[in-house]
Amino acid sequence: MREVTNDSLSPPRAMTLQHAGGRPGPAAAGPALCDAPHNPPLMPYFIENFTLIRLCLQSLRVISYLYQNANSYLPRVRANLNFSKRPLVKLKAAVSNVFSFRTRTVYCDVKSLLVKTLVQLFVVAKWVVLVSVGRVRWCGRRGSGSRRARALLLLWLSGFSRYSEGRRDNDLHIGGIFPMEGEGGWQGGQACKPAAELALADVNARSDLLSGFKLLLHSNDSKCEPGLGASVMYNLLYNPPQKLLLLAGCSTVCTTVAEAAKMWNLMVLCYGASSPALSDRARFPTLFRTHPSATVHNPTRIKLMQKFGWSRIAILQQAEEVFISTVEDLEAHCKKVSIEIVTRQSFLSDPADAVRNLRRQDARVIVGLFYVVAARRVLCEVYKHRLYGKSYVWFFIGWYEDNWFETNLEREGIECTVEQMREAAEGHLTTEALMWNQNANQTTISGMTSEDFRSRLNEALREAGYDIDGERFPEGYQEAPLAYDAVWAVALAFNKTMEKLEKNGLSLKNFTYTNKKIADDIYEAINSTSFLGVSGLVAFSSQGDRIALTQIEQLTDNHYVKLGYYDTQADNLTWLDRERWVGGKVPPDRTVVVNELRTVSLPLFACMTALCIAGILAAIGLIVFNIMHRHRRVIQWSHPACNTVMLCGCCICLSAAVALGVDGRWVQPQHFSGLCAARAWLLATGFSMAYGALFTKVWRVHRHTTKPKVETKKRMHGWKLYTMVGGLLVVDAALLTAWQLRDPLQRRVEIFPLEAPRHHDDDVHIRPELEHCESEHNTVWLGVMYGYKGLVLVFGLFLAYETRSVKVRQINDSRYVGMSIYNVVVLCLITGPVTLVIASQQDAAFAFVSLAIVFCCFLSMALIFIPKVIEVIRHPTERAESGRGSGSGSAPADEERYRELVKENEELQKLIAQKEERIRVLKQKLAEREAAAADGVTQDVQDEHI
């Protein structure tokens, strides 16, 4: 096989004359040139007429063409016209540089036309000069030599307009665009081009293929850049020989080439292009590819996500069309199966920010779509941000080389070591279309097995300088079978087309870029091609895509292990159960958030419950004590009915304290609203009963002292005391009923920020929750309730302060009642605001409120009943009590005397006030007299002076 390079135009061999700066051509191989006479002969007739007319017509054609198109096409250019050495080659190079326009057809036309015309002008002018001065003559007869030179020049000029490089008529030419070098992108031509050369050798060695013809490949490097790829394509098209088909690799280049090739009726066969956009038949009507579309990976990825229960993923992509279209297809598949894409990050060259955003979004299952050069940078950033290990799963593209994360680190400026890259890559998954025949012993159409092809390819790569024995494979090694089978697909399609054309007396040599009939025949032949190649069964879908299975692999201990295969068309997943996860379990697709209900500490609740139960038992015991000793005077004169009401209120308040500690640990959410209502009713009624009894007593004391009666021998009845407590309870019942009916208390959950796991488990985070009893207008109802209770507290405090020094026999414990009211008011005024502030701290709020309730209840019971209990203990019998009874019988008389003394005191105060008023008047008169006397003395002094 011979490779023809089309980087630039090269002169025909017939042009390499000695005076043109080249080696002597065939014409100069004979006798040497001799000196010519000094007298020049006349101008030859063919030069003077035929050739000059032809040159003038050619020049007029060029000038007319340039005049019509110069304004719209020709840019301002500069050319170096220094022709000191090799003037013909320099002339052609200058014209080629001036008109090296690679984007429009008209530029190529102008370029070709001008090159031909200027070369002809130069050669004719040179020969005219030589013939004119008589320097050209051959050794021997002078006239015959001149005729030979003229005849040679005429023959050469007549055939120059269609010069070629000596191509044969039985050669079939195809163009090849291979990405060999460059930065970024896919340089798969390093292995695919040797594979294509092997295929060409095998095809041309077959006598049953392309009988009488030889398949030749003309190729150049595109560097995986679409602009350069388009330039290579135009050079292949506009430089002879004519091409029948184009081979191309790299998705971006294939997109540009395939979209333009339809204008020349050229088929394009891509051996290394996975962009889903290439499946658009309306946009790429002449495209086929042996490389499966990247969309074949997406159903496989979705199948794996469903298998392992992942419903939340992230996507990291390089900003290339092939990956953008793949992501769009993946998003459509995810939407169908309800898989959430939490974030989609893209980057051009530096993936640092994109990887950092993945960590912020708590991405755990990440699909990465990028070329291998970018993949190494991504993996290094993954290591830096610790996005690997037992909590993360990465999906990479499977057509990277097996050691892709270890090679070219220093050359590409990767800041991670090989060990770090291995650590970050451990456990990732890859999906790839099967590119090697899985049956290693199956003979393919070339007569080789896939292992035979691997051996031949390795040998060719060794000769090219690659360290195959050290497993340093060039890029594109995995796609090499696709390039090999692509050449075989071309050969089989050409062979089928030739058989069809022969029936019509035509051949592939009749193909031109405007011959759509032969182009359609080639299209049908490729579309119907089906054979067993080294990459497996080669067949094309209606979109021109390769039909292939998908292979799933996992990197384990620095080696890829096959996990299974997936048939997209049959939706059949063959799983081998070889997966091995870091940490021994399937990584979750998100940080597992555990909702943890914050409840009151169990020891705290137990302690407060014990205190409340003790208080309830004490209150019950005091109620029994109050009933048993109700006939004793010490109990009778303290209003035992009010005491009983107070004790019942304390029991209810202590029960409310216990209810405040009951939360979601004991009560289901559906029953929590009942618990909220119970808390409100218990606390409100208990407070009204306990504090209402104390308030009633101090109210009676204040009333008794401010409105005295002449005779108060009748005992105060209990129902009068119940009236005040009953009024408070009625108000409570009205407010609570309205609250319950209009805006009932419901369970509201307060959610706190996530907390770190207690056992250093990165996959689990705690989301604390706290239950509250709230209603829609909770603030309004609390304001009404607190306002009502606050007024009662303040009024009771005022009455206690007013009667602080009053002693009334009918209420013998009025001073203790006042002290109890002081304590209750102070604790309530402190507890209410503080509870609102610390409501989000369940232990502190419960402890503060329950201790306030317990303290109020215990203190009130102690102040009211401890003196009575002590009195009963000291005087256990009624007789002992009656010993004081004789004195106690004078209580009404003492009261009457007290009233008389008060009345007498008031009269004396009035008398004193009258006397003080009389004294004030006398002092005023005395002052007036002294003032008058002073004025008289002053007048006498003045008279004397005069």
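Hydrogens, waters and symmetry mates play no part in the numbers below; they use all other heavy atoms, side chains included.
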>> Regarding R283 and E259, does a basic nitrogen lie under 4.0 Å from an acidic carboxylate oxygen?
In response: yes

>> If you compare all heavy atoms of V365 against all heavy atoms of P588, which two are closest, and at what distance to 0.1 Å?
In response: CG2-O, 4.4 Å

> Is N220 reaching over with its side chain to a backbone N or O of G176, donor-acceptor style, under 3.5 angstrom?
Replying inline: no

>> side chain to side chain contact (heavy atoms under 4.5 Å, CB included), that's the test. Do T430 and I397 meet it? Break it down for me.
In response: CA-CA 6 Å; T430 65; I397 298 175; over 6 Å; no

>> For G447, is there any backbone N or O sitting under 3.5 Å from a side-chain donor or acceptor partner on T443?
In response: no

> Under 6.0 Å between the ring centres of Y560 and H428?
Replying inline: yes

> Any luck finding a side-chain donor-acceptor pair between N558 and E406 under 3.5 Å?
Replying inline: yes

> For Y566 and D571, does a side-chain donor sit closer than 3.5 Å to a side-chain acceptor?
Replying inline: yes

>> So, taking the atom named CH2 in W394 and the one named CG in L379, what distance separates them when rounded to the nearest 0.5 Å?
In response: 8.5 Å

> Quick one: SG on C270 to CG on L278, what's the gap to the nearest 0.5 Å?
Replying inline: 6.0 Å

>> Using every non-hydrogen atom in the two residues, find where F178 and L217 come nearest and quote the distance to one decimal.
In response: CE1-CD2, 3.9 Å

>> Can you see whether T343 engages N357 through a side-chain donor-acceptor pair at a distance of less than 3.5 angstrom?
In response: no

> Are any side-chain N or O atoms of D567 and backbone N or O atoms of N572, one a donor and one an acceptor, separated by less than 3.5 Å?
Replying inline: no

>> Rounded at 0.5 Å granularity, tell me how far CG in N298 sits from CD in E328.
In response: 11.0 Å

> Under 6.0 Å from the six-membered ring centre of Y383 and within 45° of its axis: does the NZ or CZ of R386 meet both?
Replying inline: yes

> Should we count CD of Q442 as having more than 12 external heavy atoms under 6.0 Å?
Replying inline: yes

> Any side-chain heavy-atom pair from R377 and E381 closer than 4.5 angstrom?
Replying inline: no

> Just checking, R281 and F288: is the charged tip under 6.0 Å from the six-membered ring centre and within 45° of the axis?
Replying inline: yes

>> Taking the ring centre of each residue, are Y400 and W186 less than 6.0 Å apart?
In response: no

> So, do R546 and V538 sit near enough that their side-chain heavy atoms are less than 4.5 Å apart?
Replying inline: yes

> Below 4.5 Å, heavy atoms only, C-beta onward: do K562 and I552 meet side chain to side chain?
Replying inline: no

> CG/N437 to OG/S535 distance, rounded to the nearest 0.5 angstrom?
Replying inline: 8.0 Å

>> With a 3.5 Å distance limit and no angle check, can you tell me whether S325 reaches the backbone of S275 through a side-chain donor-acceptor pair?
In response: no

>> Tell me if a side-chain donor or acceptor on S455 pairs with a main-chain N or O of E451 at a distance below 3.5 Å.
In response: yes

>> On a heavy-atom basis, which atom in V418 and which in L409 lie closest, and how many Å separate them?
In response: CG2-CD1, 3.7 Å

>> Treating H218 as the side-chain partner and G175 as the backbone partner, does any N or O pair qualify as donor plus acceptor under 3.5 Å?
In response: no

> Taking side chain as C-beta onward, heavy atoms only, is S311 less than 4.5 Å from D589?
Replying inline: yes

> So V253 and T255, side chain to side chain contact (heavy atoms under 4.5 Å, CB included) or not? Walk me through it.
Replying inline: CA-CA 5 Å; V253 174; T255 301; over 6 Å; no

>> Please give me the minimum heavy-atom distance between S450 and N439, naming the atom from each residue.
In response: OG-O, 4.1 Å

> Just how far is it from atom CE of M421 to atom CG of N403, taken to the nearest 0.5 Å?
Replying inline: 11.5 Å

> Could you walk me through whether D202 and R456 pass the salt bridge (charged side-chain N to carboxylate O under 4.0 Å, His left out) check?
Replying inline: CA-CA 12 Å; D202 294 343; R456 290 183 60 193; 2.9 Å; yes

>> Is the shortest side-chain heavy-atom distance between M435 and W399 below 4.5 Å?
In response: yes

> So, does K243 use its side chain to make a donor-acceptor pair with the main chain of L236 at under 3.5 Å?
Replying inline: yes

> Taking atom types as modelled and ignoring hydrogens, do the side chains of E432 and Q551 form a donor-acceptor contact shorter than 3.5 angstrom?
Replying inline: yes

> Do you know which two heavy atoms are closest between L387 and R359, and how far apart they sit?
Replying inline: CD2-NH1, 3.7 Å

>> How about NZ on K307, more than 12 heavy atoms from neighbouring residues, nucleotides or ligands closer than 6.0 Å, or not?
In response: yes

>> V487 vs L247, test: side chain to side chain contact (heavy atoms under 4.5 Å, CB included). Steps then yes/no.
In response: CA-CA 8 Å; V487 176; L247 290 178; 3.9 Å; yes

> Centres of the F396 and W404 rings: under 6.0 Å?
Replying inline: yes

> Do the side chain of T417 and the main chain of Q420 share a donor and acceptor less than 3.5 angstrom apart?
Replying inline: yes

>> Between E755 and R767 (side chain of the first, backbone of the second, donor and acceptor by atom type, cut-off under 3.5 Å), is there such a pair?
In response: no

>> With heavy-atom distances below 4.5 Å as the criterion, would you say the side chains of L246 and M233 are in contact?
In response: yes

> Side chains of T449 and R454: do they bring a donor and an acceptor to under 3.5 Å?
Replying inline: no

> Does the pair E769/R598 count as a salt bridge with the N-to-O cut at 4.0 Å?
Replying inline: no

> Quick one: are I302 and I339 in side-chain contact, heavy atoms under 4.5 Å?
Replying inline: yes

>> Using side-chain heavy atoms (C-beta onward) and a distance below 4.5 Å, is H291 in contact with E479?
In response: yes

>> One pair to check against side chain to side chain contact (heavy atoms under 4.5 Å, CB included): V367 and V327. What are the steps and the verdict?
In response: CA-CA 9 Å; V367 178; V327 168; over 6 Å; no

> Does a side-chain N-to-carboxylate-O contact under 4.0 Å join R344 and E331?
Replying inline: yes

>> I need the L304 CG to L573 CG distance, nearest 0.5 Å.
In response: 6.5 Å

>> Taking atom CD as the centre, does Q306 end up with more than 12 heavy-atom neighbours from other residues, nucleotides or ligands that are less than 6.0 angstrom away?
In response: yes

>> Please determine whether a side-chain nitrogen of the Lys or Arg among R422 and E419 lies less than 4.0 Å from a carboxylate oxygen of the Asp or Glu.
In response: no

>> Please list all pairs meeting ring-ring contact (aromatic ring centres under 6.0 Å, His included) that have one or both residues in residues 321-348, counting only residues at least two apart or in different chains.
In response: F323-Y371

> Hey, are K384 and E415 close enough for a salt bridge, meaning a charged N less than 4.0 Å from a carboxylate O?
Replying inline: yes

> Of the non-hydrogen atoms in S541 and N527, which two are nearest, and what is the gap between them?
Replying inline: O-OD1, 3.8 Å

> Passes side-chain hydrogen bond (donor to acceptor under 3.5 Å, both in side chains), T591 versus R364? Steps please.
Replying inline: CA-CA 8 Å; T591 299; R364 296 304 182 93; 2.7 Å; yes

>> I'd like to know if D545 pairs up with R289 as an ion pair, taking the criterion as any Lys NZ or Arg NE/NH1/NH2 lying under 4.0 Å from an Asp or Glu carboxylate oxygen.
In response: yes

>> Would you say the rings of F453 and Y484 are close, in the sense that their centroids are separated by under 6.0 Å?
In response: yes

>> Looking at R462 and D467, is there a salt bridge between them, counting it only when a charged N and a carboxylate O are closer than 4.0 Å?
In response: no

> Just by modelled atom types, is the Y477 backbone N or O under 3.5 Å from a matching donor or acceptor in the E401 side chain?
Replying inline: yes

